[in-house]
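Whatever order the structure lists them in is the order used to number ligands and atoms, beginning at 1. For reference, positions follow the sequence shown, starting with 1.
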Amino acid sequence: MTTTSASLSAYIHVPFCAVRCGYCDFNTYTATELGGGGSQREYPDAAMAEMDLCRDDDRAAGYVYDRVDTVFFGGGTPTLLPAEDLVRMLAHLDALVPLAPDAEVTTEANPDSVTAASLRRLAEGGITRVSFGMQSAVPSVLRTLDRTHDPERVPQAVAWAKDAGLQVSLDLIYGTPGETLEDVGTSVRAALACDVDHVSAYSLIIEGNTAMARHLRRGEIEAPDPDDMADKYELVDDLLSGAGLTWYEVSNWARDEASRCRHNLAYWRGRDWWGIGPGAHRHRDGLRSWNVKHPSRYATMVGAGTLPVQESEQLSDADRALERIMLGLRIAEGLPLEVIPGQARDQVQVHVDRGHLVPAAAEEGRLVLTRSGRLLADAVIRDLTP
Ligand SMILES: C[S@@+](CC[C@H](N)C(=O)[O-])C[C@H]1O[C@@H](n2cnc3c(N)ncnc32)[C@H](O)[C@@H]1O
Ligand code: SF4
């Protein structure tokens, strides 16, 4: 039987960075870390070969997609590759499954990995949106994060992107050791001064196997304090909402519906997507798989005509229901009450009473987090899942 599903999303991972930031544990490699394996020059061909394998695999399983609605080049630093490479990968995808006329095509970029000319080329080649890793506007905070760009570079890069006709989003990180509340305000105001329609703000997570975690273990920096993090989140939310950007997911704010990141919404709504590249995750109708992580092993497997899958799992109905709660509760449209299993329903009123869920929405059968609920999203989700 052939299942024709309306739409597909595609995530294309680019696992290369010029420098590794001390807090980052994404699957990305500097030239030194790669040690000559899995070269950047050959990477686009490997990624395109994987797209062919995904399309064949879908067909063999009876899945045919009408169109690709959203594409996201993530990293790593996709813009470390020449613009032409991203454009080539996008054109290859389009030839396999046509891009919708209004497809959203985002690339992540470091502010110092683009030029006016490279952004123009990306826009001409079909990229519609760029998400810059701004992180902070405060030089000392950028230094603690090992960021290589000058704060002045961000407004410059945003202006180039807008001139090229791209939509622009800025990523911020709050809670860096040594960062004050005033620093957070400075960064959010600097992001708003760029007049962008979308901002993501993430609380710093100090992942185990990073240089920053080693600094923490040696007592050279202090661990983030939960109350301080909450104050910073509230300040971010106050400043962004005061400037007309409203939250639509716990860490994401947009000026209006058209400015929301449709690609991320597709993940949060459990749609089907391809995950192209080392370590990338794919989802098809409850079948989840993830690729081998090292670019060199990835290139070898794809070169041999094999899907570079490390492992896969078929989600049960119960897993999918759980995932729907975990993802759905984090977005502003919320969740219908009937999705919550019977045994966890009494927790709904408990969280309404504690001020974590919007009472009026709950009365109408929808669960929507309040701001204090957003701060405790993980705990609320735990209580509402079986
Ligand atoms: C994979 S990075 C790619 C973007 C690009 N390479 C850059 O750094 O500008 C995507 C975003 O994840 C966020 N991020 C990465 N590691 C993080 C961490 N440990 N804690 C919080 N946010 C993190 C940063 O805001 C970053 O912009
Ligand atoms: S935060 Fe971005 S630039 Fe820094 S190492 Fe991670 S992916 Fe690379």
With atoms numbered from 1 as shown, which atoms in ligand 1 lie under 4.0 angstrom from a non-hydrogen atom of Ser203? 20 (N), 21 (C)
Taking heavy atoms and a distance under 4.0 Å, where does Asn110 meet ligand 2: side chain, backbone, both or neither? side chain
Tell me whether Asp102 is salt-bridged to Arg67, with the criterion being a basic N under 4.0 Å from an acidic carboxylate O. no
Any N/O of Gln135 closer than 3.5 Å to an N/O of ligand 1? yes
The protein heavy atom nearest to atom 1 (S) of ligand 2 is Tyr23 OH, 3.3 Å
Does any donor atom in the side chain of Tyr23 or Arg147 lie under 3.5 Å from an acceptor atom in the other side chain? yes
I need the atoms of ligand 1 closer than 4.0 Å to a non-hydrogen atom of Glu108, numbered in the order shown. 1 (C), 3 (C), 4 (C), 10 (C)
Between Arg288 and Glu311, does at least one N-O distance fall below 4.0 Å, as a salt bridge requires? no
Looking at ligand 2, would Gly76 count as a contact under a 4.0 Å heavy-atom criterion? yes
Contact between ligand 2 and Glu108 is defined here as a heavy atom of the residue under 4.0 Å from a ligand atom; is it met? no
Taking atom 5 (C) of ligand 1 as the reference point, the nearest protein heavy atom with its distance: Asn110 OD1, 2.9 Å
Salt bridge check: are Arg88 and Asp45 linked by an N-O gap of less than 4.0 Å? yes
Do the side chains of Asp85 and Arg41 get close enough for a salt bridge, i.e. N-O under 4.0 angstrom? no
Do Arg129 and Asp197 meet the salt-bridge criterion of a basic N to acidic O distance under 4.0 Å? no
Among all protein heavy atoms in this structure, tell me which lies nearest to atom 6 (Fe) of ligand 2, with the distance rounded to 0.1 Å. Cys24 SG, 2.3 Å
Do Ser187 and Ser136 have side-chain atoms, one donor and one acceptor, less than 3.5 Å apart? yes
Per-atom filter on ligand 1: closer than 4.0 angstrom to a heavy atom of Ile173 are 22 (N), 23 (C), 24 (C), 25 (O)
Under a 4.0 angstrom heavy-atom cut-off, which atoms of ligand 1 come close to Gly76? 3 (C), 5 (C), 6 (N)
Output yes if Cys21 passes the N/O/S-under-2.8 Å test against atom 8 (Fe) of ligand 2; output no otherwise. no
Does ligand 1 have a heavy atom under 4.0 Å from the side chain of His149, from its backbone, from both, or from neither? neither
Quick one: which ligand 1 atoms are inside 4.0 Å of a heavy atom on Tyr23? 15 (C), 16 (N), 17 (C), 18 (C), 19 (N)
Polar contact flag, side-chain donor to acceptor under 3.5 angstrom, Tyr65-Asp58: no
Suppose I only count heavy atoms of Gly75 and a 4.0 Å limit; which atoms of ligand 1 are within that range? 1 (C)
Does the side chain of Glu50 come under 3.5 Å of the side chain of Asn291 through a donor N or O and an acceptor N or O? yes
